[in-house]
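Take a look at the structure set out below.
As a basis for the values below, the full set of heavy atoms in this structure was taken, side chains included, without hydrogen atoms, waters or symmetry mates.
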Amino acid sequence: MAALSGVRWLTRVAVAARYPAAWRSLSTSATAQAASQSQVQDVTVEGAFPVTMLPGDGVGPELMHAVKEVFKAAAVPVEFQEHHLSEVQNMASEEKLEQVLSSMKENKVAIIGKIHTPMEYKGELASYDMRLRRKLDLFANVVHVKSLPGYVTRHNNLDLVIIREQTEGEYSSLEHESARGVIECLKIVTRTKSQRIAKFAFDYATKNGRNKVTAVHKANIMKLGDGLFLQCCEDVAELYPKIKFETMIIDNCCMQLVQNPYQFDVLVMPNLYGNIIDNLAAGLVGGAGVVPGESYSAEYAVFEMGARHPFAQAVGRNIANPTAMLLSASNMLRHLNLEYHANMIADAVKKVIKVGKVRTSDMGGYATCQDFTEAVIDALSYS
């Protein structure tokens, strides 16, 4: 525990330097600490970083509880402002959506669970999840698919990044019945947004020391729509001569990912393809429970699971794997320049997995979500 105490002391010094008022709040009395041990509550530290929390549906609330427990144990200077938005729990309305948007716009950073979209058509084609992303212009979804040391899968030592444009394409919510029994679903591709996501991908590759960007498309069939996307990627690639550029048709990409995923580095693609590839690639390293994700606009950053699944059948059973959400929370801390805490939490999660004594059922173990969370908290002292 000495190491963890040292980190906590360093945190207090760092926060005091940046936010003088935070020192007084972080130095809470022993009585107040004892009173809060019975349950995890929202952090209310003056001068801490405000973050919007949206638990979502399915096991989302359980995963967020794990995040709050770990953050509390690690003395992370973050204040969660929790909101609830759900179409399946009758907690969705224009008023609630505006409250969430207002919080996100003010805080600039959010951590969210999966907001489940019912398949039934109730007069509105765009789900609340899609509307939230569009209103914040969260155009870039980034999923870093990386093998976890100590957890053996079919392919090991994988390290690739999937970048998905998520404000247009097939998910434009433009559908109508042109004649009885004939539905037209419009796919929207624009030069502006295609160029923007291509530039984002090449900037990401440059910033993170990546060597290659692969544009994934179906321009051989959708010659105008995907053709425009591909042309934009090719135009942007010319501006980055040090980054190798390749193109690949989506169906071939799926096969190549299963056969030889090591050939890929950064992949950039339109909305629907990205949704599919995110899930396929997550399966290569262990599934939805272990892959973090994030979405960006010019102003906002939202941290979430890389493969978005509510896992509704696990609700209340305490079997969900909090790995992806904890790693996503660690990435959020890194985004906030809280490197001490980001590394501490990520290292603790990876240590628990590498040791292999505490694993949830999706990883071949018998541990509960709470067991895993407690193991991560115990590992904090050695990180």
Side-chain angles (χ1 to χ4, degrees), residues 138-147 153-171 187-286 288 291-296 306-308 331:
L138 296 169
F139 69 93
N141 177 240
V142 181
V143 176
H144 188 178
V145 180
K146 189 173 183 179
S147 297
T153 57
R154 184 179 297 274
H155 297 287
N156 297 300
N157 300 315
L158 280 184
D159 186 0
L160 58 93
V161 178
I162 301 161
I163 296 177
R164 162 191 176 192
E165 204 296 322
Q166 61 176 3
T167 59
E168 59 177 14
E170 294 85 355
Y171 295 176
K187 171 177 177 173
I188 305 300
V189 181
T190 63
R191 183 179 301 278
T192 298
K193 292 187 175 182
S194 296
Q195 289 176 336
R196 180 172 66 171
I197 196 64
K199 187 177 187 305
F200 181 95
F202 278 93
D203 285 343
Y204 181 97
T206 302
K207 180 180 178 181
N208 292 278
R210 298 278 175 165
N211 300 313
K212 182 172 71 171
V213 172
T214 302
V216 182
H217 64 93
K218 191 65 177 175
N220 59 321
I221 301 299
M222 287 174 276
K223 302 182 186 300
L224 298 182
D226 279 24
L228 176 59
F229 174 82
L230 182 58
Q231 181 61 55
C232 290
C233 290
E234 291 172 345
D235 292 344
V236 172
E238 293 180 0
L239 304 176
Y240 298 81
K242 294 183 179 181
I243 303 295
K244 185 178 180 180
F245 176 64
E246 293 182 350
T247 67
M248 188 172 290
I249 295 173
I250 177 61
D251 36 339
N252 184 33
C253 179
C254 291
M255 181 181 69
Q256 295 295 331
L257 273 169
V258 174
Q259 286 189 325
N260 178 26
Y262 302 100
Q263 65 184 288
F264 297 107
D265 195 351
V266 175
L267 300 94
V268 61
M269 60 200 74
N271 208 335
L272 176 61
Y273 309 156
N275 195 354
I276 296 169
I277 295 297
D278 283 347
N279 285 266
L280 189 158
L284 298 178
V285 296
V291 179
E294 53 231 49
S295 294
Y296 296 99
R308 304 168 193 163
N331 292 339

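- Residues that satisfy the side chain to side chain donor-acceptor pair (under 3.5 Å) test with H155, not counting sequence neighbours, are absent from this structure.
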Scan the side chains in residues 267-283 for donor-acceptor partners under 3.5 Å anywhere in the protein, sequence neighbours excluded, and list what turns up.
residue: N271; atom: OD1; partner: R164; partner atom: NE; Å: 2.9
residue: N271; atom: OD1; partner: R164; partner atom: NH2; Å: 2.8
residue: N271; atom: ND2; partner: E168; partner atom: O; Å: 2.9
residue: Y273; atom: OH; partner: K187; partner atom: NZ; Å: 3.3
residue: Y273; atom: OH; partner: D226; partner atom: OD2; Å: 2.6
residue: N275; atom: ND2; partner: Y171; partner atom: OH; Å: 2.7
residue: N279; atom: OD1; partner: H309; partner atom: NE2; Å: 2.6
residue: N279; atom: ND2; partner: N275; partner atom: O; Å: 2.7

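- Screening residues 204-230 for ring-ring contact (aromatic ring centres under 6.0 Å, His included), with sequence neighbours left out, gives no hits.
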Give every donor-acceptor pair under 3.5 Å between a side-chain atom in residues 242-249 and any protein atom, sequence neighbours left out.
residue: K244; atom: NZ; partner: E246; partner atom: OE2; Å: 3.4
residue: E246; atom: OE1; partner: K212; partner atom: NZ; Å: 3.4

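- Judged as a side chain to side chain contact (heavy atoms under 4.5 Å, CB included), and not counting sequence neighbours, the contacts of R191 are Q195, L228, C232.
- Applying the side chain to side chain contact (heavy atoms under 4.5 Å, CB included) criterion to T167, with sequence neighbours excluded, gives D137, F139, E165, K193, R196.
- Contacts of N211 classified as side chain to side chain donor-acceptor pair (under 3.5 Å), with partners at least two apart in sequence or in another chain: none.
- Pairs engaging residues 247-263 under the salt bridge (Lys or Arg N to Asp or Glu O under 4.0 Å) rule: K218-D251 [sequence neighbours left out].
- Qualifying side chain to side chain donor-acceptor pair (under 3.5 Å) partners for S295, counting only residues two or more places apart in sequence or in other chains: R133, N141, Q166, E304.
- With sequence neighbours excluded, the residues satisfying side chain to side chain contact (heavy atoms under 4.5 Å, CB included) with N260 are Y262, Q263.
- When the salt bridge (Lys or Arg N to Asp or Glu O under 4.0 Å) test is applied to D235, no partner is found at least two apart in sequence or on another chain.
- Applying the side chain to side chain donor-acceptor pair (under 3.5 Å) rule to N208 yields no partners; only residues at least two apart in sequence or on another chain are considered.
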